[in-house]
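Everything on this sheet refers to the single structure shown next.
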Amino acid sequence: MCGIVGYIGHRQAAEVILHGLSQVEYRGYDSAGMAVSDGRGMRIIKDVGKLRDIHAKHNFLSLEGGIGLGHTRWSTHGPPCERNAHPHYDCSKKVAVVHNGIIENSRALKAELEKKGHKFTSDTDTEIVAHLIEEELKGKKSSSDSILSAVRSSISRLEGAYALGILVSGEPRLFLARRHAPLIIGKGKKEEMFFASDMAALLGYTRDFVLLNEGDLAALDAKGMQIWSADGSPAVRSPLHVDWTPQMAQKMGHDYFMLKEILEQPLTLAAAVSADVADGVKLLAGAKRPAVVACGTSYYAGLVLQYLLHRQKRTASAYLGSEYASWHTGAEDVVVAISQSGETADTLSAVRLAKKEGAKVLAITNVVGSTLSREADATLYISVGPEVGVVATKTFTGQLAVIYKLAYSLSSNKKGLEELAAMPSQVQQMLDEVHEPVHHLAKLMSKRKNFFFISRGIGWPCALEAALKLKEITYLHAEAYAAGELKHGPISMLEDKVPVIAIAPSGALAPKMESNMRECHARGASIIVLSDDKTILSEGEHSLAMPKVSEDFVPLFYILPLQLLAYYMTIELGRDPDQPRNLAKSVTVE
Ligand code: G6P
């Protein structure tokens with residue numbers, strides 16, 4: 001969701017910030033802005049719309065100076081418009097603030113500040129931070145010490161979640177603070193420092209980072225940083241070097257990141273299957289009541305883990321992060337939290353609740369240094385490189401690969417591990433075979449308005465994910481059902497030519513799947529079948545031949561053509577698959 005970038009050093013801050021923000025555009029936003037200081041005065045440009053349009057209209061690069069911060073906003077408090085865009089400022093326009101998260105006591109603070117005469121210009125919760133600092137500075141001689149103490153005491157009054165960047169006119173330092181929202185510091189090579197909500201924003205400048213802890217406050221100047229922990233004591237945070245390169249976040253000749261990320265899955269799977277899962281095995285081996293928590297696509301990967309653990313007679317329940325609080329029993333001893341970003345607020349709050357009740361947490365994520373990885377007792381990285389398309393593709397299959405490896409290592413399933421190791425090349429072969437037929441199918445399907453996806457057993461999470469992909473980027477109506485459930489209600493919606501996409505591999509569940517497909521066909525539905533079996537394929541009006549794989553691997557294999565289908569339908573419909581409306585890459589609010 002919102003992106004933050006800050007810079008202090010010898011370059012023009014506006015240039016760095018504009019580039020950094022453009023690297024995190026994929027997170028989704030509706031307005032943007034930046035504040036730059038030349039050490040004496042500060043200027044702000046902000047507006048609603050995309051960065052390039054705001055730049056064309058106002059020219060961000062006209063903001064001169066080496067100290068600055070910028071923001072891309074995904075609206076929570078107040079509609080997208082110029083006055084609600086960040087940075088926000090105080091009455092005197094001397095304090096500029098950018099913020100991700102939600103300040104929960106903003107109403108009370110606003111009322112208090114209004115009584116003291118402060119005038120607010122936006123509907124946001126963020127603006128109160130600038131006025132709080134202004135209020136703290138009232139009557140005090142402006143000095144580095146008084147500014148630091150005003151920033152510190154203002155932040156101590158905030159409840160809720162925040163990643164904050166603060167720029168005070170005339171002050172040669174930038175301030176930042178985080179609580180329940182990601183914020184990292186980047187170290188430049190010579191006399192320059194950066195900060196951002198996402199490493200991807202800074203990869204063009206540095207791969208050396210320092211991660212702030214919960215509740216930390218930091219001050220940056222060009223030469224370095226000072227950090228204080230939540231209790232106000234000076235703190236040192238360990239540095240982190242990452243291998244991600246800026247090239248990994250390029251389109252590499254493809255029209256969209258989503259297509260690049262779908263097609264690179266043989267490579268990313270190879271990285272994911274070589275994950276070291278020893279820490280996960282250790283945690284799960286002794287677990288009596290394991291649980292799985294995740295959101296969105298990651299939840300569907302979680303359902304696959306639930307399935308695999310059940311097959312080993314380990315009772316594990318998968319919960320949506322946002323629902324965990326209503327369902328937990330307190331008896332869960334290990335919670336496996338799956339999140340590509342490692343920043344999803346709903347998943348993190350489930351993790352915190354489980355930890356409070358004594359559970360150990362095993363994280364599965366893509367992002368080194370993410371909040372989830374830092375709060376977990378052990379982390380398994382899927383290592384698929386930055387995923388820029390908003391919707392999850394390679395991170396989903398990367399999660400599945402690590403999940404298979406974890407489950408098979410846990411049960412010493414050598415055959416499964418061998419099959420998993422062969423997956424990347426099999427996936428490559430399959431992608432080569434299905435690519436064109438799927439492209440053709442997408443042209444036909446993009447004329448339809450409603451879709452059903454059906455499967456059984458471990459194929460069901462794949463149907464759920466395929467329907468989610470389709471609705472996320474085409475904005476068409478799609479529903480997924482365990483095939484046996486159709487007759488208990490949704491079958492009433494089937495009428496002439498409604499596409500029912502059946503994930504129907506051969507095996508024990510195939511005969512029942514065939515009956516379900518016939519039920520749909522009898523109501524006039526148009527069956528699109530994916531299977532490795534000729535007879536099953538012949539049941540469909542359209543069919544896609546798949547290679548034969550062990551039942552466990554059905555979600556990993558069958559999701560790929562369905563990701564491609566969603567992608568090409570979106571292109572046919574003239575929509576943007578990389579930045580779908582209303583969606584954000586990582587959702588840091590509950
Ligand atoms: C957002 C994204 C989804 C993602 C979900 C969970 O809603 O748009 O694509 O599946 O968050 O994200 P996570 O980072 O926790 O996997």
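Reckoned from all heavy atoms, side chains included, excluding hydrogens, waters and symmetry mates. Since the structure is predicted, the reported quantities are computational estimates derived from the model, not experimental observations. Numbering of ligands and ligand atoms starts at 1, following listing order.
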Give the residue and atom name of whichever protein heavy atom lies nearest to atom 7 (O) of ligand 1, and the separation in Å to one decimal.
V587 CG2, 3.8 Å

Is it true that H71 and Y29 have ring centroids separated by less than 6.0 Å?
no

For T344, the ligand 1 atoms whose distance to one of its heavy atoms is below 4.0 Å
6 (C), 12 (O), 13 (P), 14 (O), 15 (O)

Does the distance from a Lys or Arg side-chain N to an Asp or Glu carboxylate O, for R237 and D216, drop under 4.0 Å?
yes

S298 heavy atoms, cut-off 4.0 Å: which ligand 1 atoms fall inside?
13 (P), 16 (O)

Let's go through Y307 and D552 carefully: what are the C-alpha distance in whole Å and the side-chain angles of both, what is the deciding distance for side chain to side chain contact (heavy atoms under 4.5 Å, CB included) to 0.1 Å, and is it a yes or a no?
CA-CA 9 Å; Y307 181 93; D552 282 2; 4.3 Å; yes

Does the E387 side chain pair with the main chain of T395, one donor and one acceptor, at a distance under 3.5 Å?
yes

Near T297 (heavy-atom distance under 4.0 Å), the atoms of ligand 1 are 10 (O)

Please check whether T347 reaches ligand 1 - meaning an N/O of the residue sits under 3.5 Å from an N/O of the ligand, judged on distance alone.
no

Should you measure from each heavy atom of C295, which atoms of ligand 1 turn up under 4.0 Å away?
6 (C), 10 (O)

Which residue pairs satisfy the ring-ring contact (aromatic ring centres under 6.0 Å, His included) criterion with at least one member in residues 461-485, sequence neighbours excluded?
none

Using the side-chain contact (heavy atoms from CB on, under 4.5 Å) criterion, which residues pair with Q428? Sequence neighbours excluded.
P266, D432

Relative to the heavy atoms of E472, which atoms of ligand 1 are at a distance of less than 4.0 Å?
9 (O)

In the protein, which heavy atom is nearest to atom 2 (C) of ligand 1, and how far is it?
A584 O, 3.3 Å

Apply ring pair (Phe, Tyr, Trp, His ring centres under 6.0 Å) to the pair H241 and F209, showing each step before the final yes or no.
CA-CA 6 Å; H241 180 81; F209 298 98; 8.5 Å; no

Need the ligand 1 atom indices (1-based, order shown) with element for anything under 4.0 Å from a heavy-atom of S341.
13 (P), 14 (O)

Give the atom numbers and elements of ligand 1 that come within less than 4.0 Å of a heavy atom of G296.
10 (O)

Take every heavy atom of E343, measure it against each atom of ligand 1, and state whether any distance is under 4.0 Å.
no

Identify whether the distance between the nearest side-chain nitrogen and carboxylate oxygen of E375 and K355 falls below 4.0 Å.
no

